[in-house]
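Beneath this line is the structure, given in structure tokens, with notes to follow.
Numbers for residues simply follow the sequence, beginning at 1. As the structure lists them, so they are numbered: ligands from 1, and atoms in each ligand from 1.
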Amino acid sequence: MIKTALNELLGIEHPVIQGGMAWVSTAELVAAVSEAGGLGILGGGNAPPDYVRDQIRQTKAMTSKPFGVNIPLFTPYLDEILNICIEERVAVVATGAGSPGTFIPQLKEAGLKVMPVVSSVALAKRLERMGADALVAEGMESGGHIGDVGTLPLVPQVVDAVKVPVIAAGGIADGRGLAAALALGAAGIQMGTRFIATTECIAHQNYKEKIVKARDRATMTSGHSLGHPIRAIRNPMARKFEKMERTDVSEEEIIEFGTGRLRLAVEEGDVVNGSLMAGQSSGLVRDIVTVKEVIERMVAEAEQIIAGLQGVVA
Ligand code: TUI
């Protein structure tokens with residue numbers, strides 16, 4: 001049993017969170033994670049409000065345990081989705097890709113917990129002041145939209161800067177990562193990539209297999225010139241995107257080229273033209289197993305490591 005401030009704050013058994021992933025973390029995955037004692041988070045992406053409400057209801061039908069909804073701040077439906085989360089009494093609202101400062105009070109008044117993803121100390125401090133209940137400190141090892149600081153230096157700096165529980169994310173896929181995160185002062189971890197390679201995740205089998213086959217240098221970043229770097233598994237699509245950025249293709253054209261690529265990979269399994277967003281932890285993922293097995297293995301491994309470390313102190 002690994003118990004931190006996070007277990008009580010979120011009403012969960014293990015301090016293990018499944019990061020919200022657009023098109024990937026649907027009701028099936030989210031309910032499985034929450035049922036297994038972690039916290040599942042629905043990926044809002046830029047999906048329309050009806051889709052999000054339907055996913056919330058489907059998740060509720062599969063689990064009575066707490067779960068969250070991730071709202072990326074670039075969604076064109078921000079107000080509607082916030083209202084849906086309040087109406088549906090979702091336990092936790094997670095945010096990403098921007099600052100949720102202005103709407104934290106309305107969510108808290110409605111009794112929801114707010115757990116933003118941050119990739120800098122400055123934003124962590126600002127959001128704690130504005131009422132965030134916990135913060136996910138996400139390093140650039142993560143998949144999808146990323147910041148520019150690595151997990152190992154970012155997490156302890158955020159821990160030093162705030163009092164609320166800090167959740168480490170980016171580069172974590174097993175019990176070694178969980179033990180390391182706790183050693184850095186984190187109250188728990190969040191993983192995305194590891195949860196894609198599970199039987200419950202609805203992502204196409206081709207996507208899951210790409211993660212399992214990936215080794216240490218399998219991912220690359222692109223989108224730096226647009227101000228929104230993205231990490232994904234290196235494939236013809238990612239290479240072409242990066243090349244377009246280095247030539248004089250207009251920003252609009254590049255954005256249009258990239259639109260819909262994640263969904264193409266997740267739903268059609270197109271590993272050539274789709275965007276296989278995944279983190280550097282892909283290299284650590286060796287099998288496709290159930291969510292329960294991922295969590296149980298990880299917690300058992302971390303417990304063993306932590307107990308074994310006693311022997312290192314002379
Ligand atoms: O949000 C993510 N990762 C994502 S979102 C996403 S959806 C997408 N779909 C298609 C194309 C592109 C994206 C895929 N991956 N992670 C959380 C995260 N948030 N990482 C970094 C940040 C972040 C960055 C800047 C949070 C706040 C921030 O604030 C800037 C400011 O306003 O101060």
Side-chain angles (χ1 to χ4, degrees), residues 17-26 41-47 52 68-78 81 93-104 114-130 132 134-151 154-155 158 166-172 189-193 195-196 203 207 219 221-233 237-238 241-242 245 251 254-267 273-281:
I17 294 168
Q18 165 259 306
M21 296 171 278
W23 307 113
V24 171
S25 54
T26 60
I41 301 184
L42 287 168
N46 50 14
V52 177
V69 174
N70 177 266
I71 309 180
L73 293 157
F74 53 70
T75 171
Y77 310 107
L78 186 57
I81 292 176
V93 167
T95 64
S99 169
T102 51
F103 59 76
I104 294 179
V114 186
M115 195 169 76
V117 175
V118 298
S119 48
S120 71
V121 170
L123 187 60
K125 282 171 138 170
R126 195 157 86 228
L127 294 178
E128 179 185 51
R129 264 200 314 273
M130 295 178 111
L135 292 161
V136 178
E138 190 191 90
M140 50 78 83
E141 296 91 326
S142 294
H145 177 65
I146 52 171
D148 51 14
V149 184
T151 304
L154 179 66
V155 171
V158 173
V166 175
I167 296 138
I172 301 170
I189 58 98
Q190 174 173 291
M191 303 189 292
T193 304
F195 283 119
I196 302 178
Y207 201 138
T219 70
T221 60
S222 59
H224 292 274
S225 70
L226 306 175
H228 296 290
I230 292 282
R231 183 182 300 284
I233 290 176
M237 152 66 196
F241 194 93
E242 202 223 3
E245 284 188 278
E251 213 167 279
I254 299 175
I255 292 169
E256 196 190 315
F257 174 75
T259 303
R261 299 287 177 160
L262 173 62
R263 197 172 180 185
L264 191 63
V266 174
E267 294 181 355
N273 303 300
S275 175
L276 299 160
M277 292 189 193
Q280 290 187 335
S281 69

Less than 3.5 Å apart, any donor N or O on the side chain of E245 or S225 sitting next to an acceptor on the other? yes
Under a 4.0 Å heavy-atom cut-off, what residues line ligand 1? F74, G96, A97, G98, S99, V117, S119, L123, R126, E138, G144, H145, I230, M277
Is any side-chain heavy atom of V149 closer than 4.5 Å to a side-chain heavy atom of S119? no
Strictly by modelled atom types, are Q280 and T219 linked by a side-chain donor-acceptor pair under 3.5 Å? no
I would like to know whether T95 and V117 meet side chain to side chain contact (heavy atoms under 4.5 Å, CB included); could you show each step before the answer? CA-CA 6 Å; T95 64; V117 175; 5.8 Å; no
Locate the shortest heavy-atom distance separating Y77 from N46; write the atom from each residue and the value. CE1-O, 3.5 Å
Work out which heavy atom in I196 is nearest to a heavy atom in M277; give both atom names and the distance. CD1-O, 4.1 Å
